[in-house]
**Student:** 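First the structure, then my questions, so here it is.
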Amino acid sequence: MSDENQDNDNGGSGFGWFLVGLGIGAAIGVLFAPQAGTDTRETLAESARERAEYLKQKSREAAAHVNTYVDAGKDQFGDYVERGKQAVATGRSQVEDYVDRGRKVVAKHASKVSAAVDAGKNAYATTTAPVDERI
């Protein structure tokens, strides 16, 4: 565990020293450049402006691409929502159809069941009546 921490510390400080060396090298390069100081500063400023403009242009392009993807995603999501609504409507109508069919079947057989219950009651009443009533 301590070896990992030491490796990370050395790597982090090594990278820091690399950046320091890079900065010192750039400063020395600017000092010993074949151009005059004002020319070098103007060149650096122009280069910085060009890079800034380049970055602005690329960010605009990236934003345009992102907007295109967002619009396509919205359209696709809208299609999915519409399909979902249609599926719910279809399912609802099927359920209503099955309920109506069930009601019709129950209504059709209700009178038969009622008649069978009445016949059962009469049969029970007949078989359980005293013998005197049968004669």
**Student:** Could I get the full list of side chain to side chain contact (heavy atoms under 4.5 Å, CB included) partners for V105, not counting sequence neighbours?
**Tutor:**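 Side chain to side chain contact (heavy atoms under 4.5 Å, CB included) list for V105, sorted by chain: H109.
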**Student:** Could you note down all residue pairs passing side chain to side chain donor-acceptor pair (under 3.5 Å) where residues 76-90 supplies at least one of them, sequence neighbours left out?
**Tutor:**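 Non-adjacent pairs meeting side chain to side chain donor-acceptor pair (under 3.5 Å): Q76-Y80.
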**Student:** Using atom types as modelled, flag every donor-acceptor pair under 3.5 Å from a side chain in residues 47-55 to any protein atom, sequence neighbours excluded.
**Tutor:**
residue, atom, partner, partner atom, Å
R49, NH2, E46, OE1, 3.1

**Student:** Suppose we screen for side chain to side chain contact (heavy atoms under 4.5 Å, CB included). Which residues come up paired with K104, at least two apart in sequence or across chains?
**Tutor:**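 By the side chain to side chain contact (heavy atoms under 4.5 Å, CB included) rule, K104 matches no residue at all.
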**Student:** Starting at CG of D100, measure out to OG of S93 and round the result to the nearest 0.5 Å.
**Tutor:**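 Here the interatomic distance stands at 11.0 Å.
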**Student:** Measure from the side-chain N and O atoms of N67 to the backbone N and O of A63, and report whether any donor-acceptor pair falls under 3.5 Å.
**Tutor:**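 The answer is yes, because a donor-acceptor pair under 3.5 Å joins these two groups.
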**Student:** Any chance you could measure L19, atom CG, to I24, atom CD1, to the nearest 0.5 Å?
**Tutor:**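 The distance works out to 11.0 Å.
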**Student:** In terms of hydrophobic clusters joined by side-chain contacts under 4.5 Å, are V113 and Y124 together?
**Tutor:**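 Hydrophobic grouping puts V113 apart from Y124.
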**Student:** Could you tell me which residues satisfy salt bridge (charged side-chain N to carboxylate O under 4.0 Å, His left out) with K58, sequence neighbours excluded, listed by chain and number?
**Tutor:**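 Salt bridge (charged side-chain N to carboxylate O under 4.0 Å, His left out) list for K58, sorted by chain: E61.
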**Student:** Just jot down the salt bridge (charged side-chain N to carboxylate O under 4.0 Å, His left out) partners of R92, sequence neighbours excluded, or say none.
**Tutor:**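 Counting only residues at least two positions away or on another chain, R92 forms no salt bridge (charged side-chain N to carboxylate O under 4.0 Å, His left out).
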**Student:** Are V20 and I28 connected in a single hydrophobic cluster, I mean Ile/Leu/Val/Met/Phe/Trp/Tyr linked by side-chain heavy atoms less than 4.5 Å apart?
**Tutor:**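 They do share one cluster, since a chain of ILVMFWY contacts under 4.5 Å joins I28 to V20.
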